[in-house]
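First comes the structure, then the notes that go with it.
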Amino acid sequence: MLVRNKMVPELYVAHLDRSLDFWVGCLAFAVAYQRPQEKFVYLDKDGVQVMLAELGAVPRQWLTAPMEPPFGRGINLQIEVDDVAPMLERLRLAEYPLFRDCQDTWYQSGTVENGVREFLVLDPDGYLVRLGQPLGERPCKMPA
């Protein structure tokens, strides 16, 4: 049984099938449920959840301004995963370009730094997706 998160982004997409190729095919999300007649899917990957809805498929879409590509301007979806390597390989096989190559990054959080092996990729509609594998923590090199 799916346990729904208290906050789940719903992304409007131009072509649901193309988006599913990316989210399911490359990033290995699973379809938790869908409403095909509405061109809507609810995706889940280890508790990370996102909804996709095709623009114009139903009249009850809440748009606050005209949608112009790329749709994802100003949003960065950070997703923690156990291992980035399988996703990187599927993206490579699909000849899908990365926005930023995979690298290890350390982010200050109080008196420690949290390490993440991460890469960034734009989904077909321009939503920036940052996928990161935790590397642990270490003492800060610089004071807070």
Side-chain angles (χ1 to χ4, degrees), residues 1-35 38-55 57-58 60-144:
M1 181 172 163
L2 176 70
V3 176
R4 289 182 188 83
N5 291 335
K6 291 185 177 185
M7 182 175 157
V8 180
E10 181 172 1
L11 307 178
Y12 289 122
V13 301
H15 304 282
L16 185 59
D17 291 338
R18 184 178 70 179
S19 294
L20 288 173
D21 286 344
F22 173 80
W23 287 93
V24 175
C26 293
L27 301 186
F29 274 72
V31 175
Y33 65 88
Q34 58 187 319
R35 294 189 294 271
E38 296 181 15
K39 294 190 177 183
F40 169 91
V41 295
Y42 195 107
L43 303 175
D44 180 87
K45 179 174 178 54
D46 302 323
V48 175
Q49 299 169 352
V50 64
M51 298 178 286
L52 304 177
E54 188 170 303
L55 273 172
V58 295
R60 70 169 186 272
Q61 293 176 335
W62 303 289
L63 300 176
T64 60
M67 295 292 287
E68 298 173 4
F71 296 163
R73 286 175 266 171
I75 190 166
N76 169 347
L77 300 171
Q78 177 182 322
I79 301 172
E80 182 179 308
V81 297
D82 292 333
D83 187 3
V84 295
M87 290 179 186
L88 286 166
E89 180 61 12
R90 286 190 296 272
L91 289 164
R92 185 189 68 75
L93 291 172
E95 298 180 356
Y96 208 96
L98 299 182
F99 182 81
R100 190 185 84 190
D101 288 332
C102 190
Q103 63 187 46
D104 293 352
T105 308
W106 293 87
Y107 296 100
Q108 185 174 349
S109 178
T111 59
V112 298
E113 292 179 329
N114 294 296
V116 182
R117 178 162 294 136
E118 64 185 2
F119 68 94
L120 288 88
V121 61
L122 290 167
D123 91 336
D125 291 291
Y127 295 103
L128 187 62
V129 183
R130 180 167 44 135
L131 296 128
Q133 168 187 337
L135 298 175
E137 66 179 37
R138 65 185 185 194
C140 275
K141 292 183 178 180
M142 298 176 60

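Any value given below was found using the heavy atoms of this structure, including those in side chains, with hydrogens, waters and symmetry copies removed.
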With heavy-atom distances below 4.5 Å as the criterion, would you say the side chains of [X] and [Y] are in contact?
X	Y	value
Leu11	Phe71	no
Leu88	Arg92	no
Phe40	Glu10	yes
Phe29	Leu52	no
Val129	Leu120	no
Val13	Pro124	no
Pro70	Leu122	no

If you look at every heavy atom in [X] and [Y], which pair is closest and at what distance?
X	Y	answer
Asn114	Ser109	ND2-CB, 3.2 Å
Glu38	Ala57	O-CB, 3.3 Å
Arg117	Cys102	CG-SG, 3.5 Å
Gly47	Asn5	O-ND2, 2.8 Å
Cys140	Gln108	SG-CG, 3.5 Å

How long is the gap from [atom1] on [X] to [atom2] on [Y], to the nearest 0.5 Å?
X	Y	atom1	atom2	answer
Leu98	Met87	CG	CE	12.5 Å
Leu27	Leu20	CG	CG	11.5 Å
Leu2	Tyr33	CG	OH	7.0 Å
Gln133	Glu80	CD	CD	9.5 Å
Asp17	Glu54	CG	CD	7.5 Å

Tell me if a side-chain donor or acceptor on [X] pairs with a main-chain N or O of [Y] at a distance below 3.5 Å.
X	Y	answer
Tyr127	Tyr12	yes
Asp123	Asp125	yes
Arg73	Glu68	yes

Taking side-chain contact (heavy atoms from CB on, under 4.5 Å) as the test, write out the residues that go with [X], two or more places apart.
X	value
Pro86	Asp83, Arg90
Cys26	Leu91, Ala94
Gln103	Arg100, Thr105

Centroid separation Phe22 to Tyr96 less than 6.0 Å: yes

Is it the case that over 12 heavy atoms from other parts of the model lie below 6.0 angstrom from the [atom1] atom of [X]?
X	atom1	answer
Asn76	CG	yes
Lys39	NZ	no
Tyr107	OH	yes

